[in-house]
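Here's the structure, in structure tokens; my notes come after.
Worth knowing before you read on, the calculation uses all heavy atoms, side chains too, and leaves out hydrogens, waters and symmetry mates. Numbering starts at 1 and runs along the sequence shown. Just so we're clear, the structure is a prediction, and the values are computed from it rather than from any experiment.
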Amino acid sequence: MTVIAALSYGELAGMMPHAGGQYAYLREAYNPFIAFLYGWTLFLVIQTGTIAAVAVAFAKFTGVLIPWFSEKNILFLIGNFRITAAQILAITSVALLTYINMRGLQEGKIVQNIFTSTKIIALLGFILLTLFVGQNASALAANIRNFWNATWTQVANGKILSVTPISGGCCYQPLELQWLARFFLQMRGIILHLLPVK
């Protein structure tokens, strides 16, 4: 679905090479009023919600790495209203990035390049780690050994009553998903046949 959306936006950009992105496409496809509504919705809801969600996620993950920034560190408490270090970090990160971007394109470019470089280095690190750890046949076999095994766990009153293995992969699936389960089981057989196990 993402590839189809990217191709669609590529086609729209080729047909309408104007500034404004989706606003321009909606203006041309429907009318200026629809584009106006989209622009204000983007400004007041869509973009602000996305920025807030990313800031909260940043604060939560920073709290995992640096415990002082966790949500358990309550800085202010008035009745049911509390302010945590994670909330302060999220607000500060949004304010700081807004300030940097307001200063100009050069400053925003530097921050964007730092973030992009960090992501690329992390992805390359994961790829290299996978290549080197993946060379170990015992690690590969240990990760794939129980890959397709599933269990059904019954819990009542906080206690585990039973753990029942589910065999076949499609036993408890709706009828319309059985073809997908059969496909995955066939792919499992092909993958297990192709993997070199020592």
Side-chain angles (χ1 to χ4, degrees), residues 1-26 35 38-39 41-73 84-148 180 183-184 187-188 190-192 194-198:
M1 183 182 295
T2 304
V3 172
I4 294 171
L7 291 173
S8 299
Y9 271 103
E11 279 293 318
L12 287 169
M15 293 181 343
M16 294 178 258
H18 308 295
Q22 196 167 351
Y23 172 85
Y25 308 148
L26 289 171
Y38 169 75
T41 304
L42 180 74
F43 177 70
L44 294 174
V45 179
I46 299 169
Q47 235 11 52
T48 53
T50 303
I51 291 169
V54 169
V56 168
F58 168 71
K60 282 188 177 186
F61 286 116
T62 303
V64 170
L65 296 174
I66 305 169
W68 190 86
F69 286 113
S70 75
E71 292 181 329
K72 295 177 183 174
N73 186 8
T84 65
Q87 291 170 330
I88 297 296
L89 179 62
I91 293 167
T92 305
S93 66
V94 171
L96 179 66
L97 289 174
T98 301
Y99 173 74
I100 290 170
N101 284 315
M102 285 175 54
R103 292 216 36 204
L105 195 58
Q106 281 301 113
E107 289 82 357
K109 180 184 87 168
I110 291 168
V111 171
Q112 186 69 32
N113 286 342
I114 290 170
F115 286 165
T116 302
S117 300
T118 305
K119 286 187 257 184
I120 290 172
I121 290 168
L123 284 172
L124 289 175
F126 282 128
I127 291 169
L128 291 174
L129 182 69
T130 303
L131 288 175
F132 289 119
V133 173
Q135 297 292 330
N136 185 350
S138 62
L140 187 61
N143 282 326
I144 298 194
R145 184 178 311 129
N146 293 323
F147 187 72
W148 297 97
L180 186 61
F183 171 75
F184 282 127
M187 290 306 296
R188 172 186 178 244
I190 292 170
I191 289 170
L192 291 176
L194 294 176
L195 286 176
V197 178
K198 294 180 181 179

To the nearest 0.5 Å, tell me how far T118 OG1 sits from N113 CG. 10.5 Å

So for atom CG, which belongs to L124, do other residues, nucleotides or ligands contribute more than 12 heavy atoms lying within a distance under 6.0 Å? yes

Polar side-chain atom of E11 near backbone of S8 as donor-acceptor pair, under 3.5 Å: no

Determine the minimum heavy-atom distance between N73 and W68, stating which atoms define it. ND2-O, 2.8 Å

Heavy atoms of T48 and L44 approach each other most closely as OG1-O, 2.9 Å

Output the distance between atom OG1 (T98) and atom CD1 (I51), rounded to the nearest 0.5 Å. 6.5 Å

Please check if the side chain of N101 supplies one atom and the backbone of G108 the other of a donor-acceptor pair under 3.5 Å. no

Let me confirm one number: the CD-CG distance from Q47 to L42, rounded to the nearest 0.5 Å. 5.0 Å

Residues forming a side chain to side chain contact (heavy atoms under 4.5 Å, CB included) with T116, sequence neighbours excluded: Q112, I120

Got a sec, which residues hit side chain to side chain donor-acceptor pair (under 3.5 Å) with E71, two or more places apart in sequence or on another chain? none

Those residues at least two apart in sequence (or on a different chain) that pass ring-ring contact (aromatic ring centres under 6.0 Å, His included) with Y99 are none

For A55 and S93 the tightest heavy-atom approach is CB-OG, 4.0 Å

From I110 CD1 over to R103 CZ, what is the distance, rounded to the nearest 0.5 angstrom? 9.5 Å

Mark yes when over 12 heavy atoms from residues, nucleotides or ligands other than I4 sit less than 6.0 Å from its CD1; otherwise mark no. no

Only counting residues at least two apart or in another chain, list the ones meeting side chain to side chain contact (heavy atoms under 4.5 Å, CB included) with T62. F58, I66, F69, L89

Just jot down the side chain to side chain contact (heavy atoms under 4.5 Å, CB included) partners of L12, sequence neighbours excluded, or say none. M15, M16, Y25

By side chain to side chain donor-acceptor pair (under 3.5 Å) - contacts of Y23 (at least two apart): none

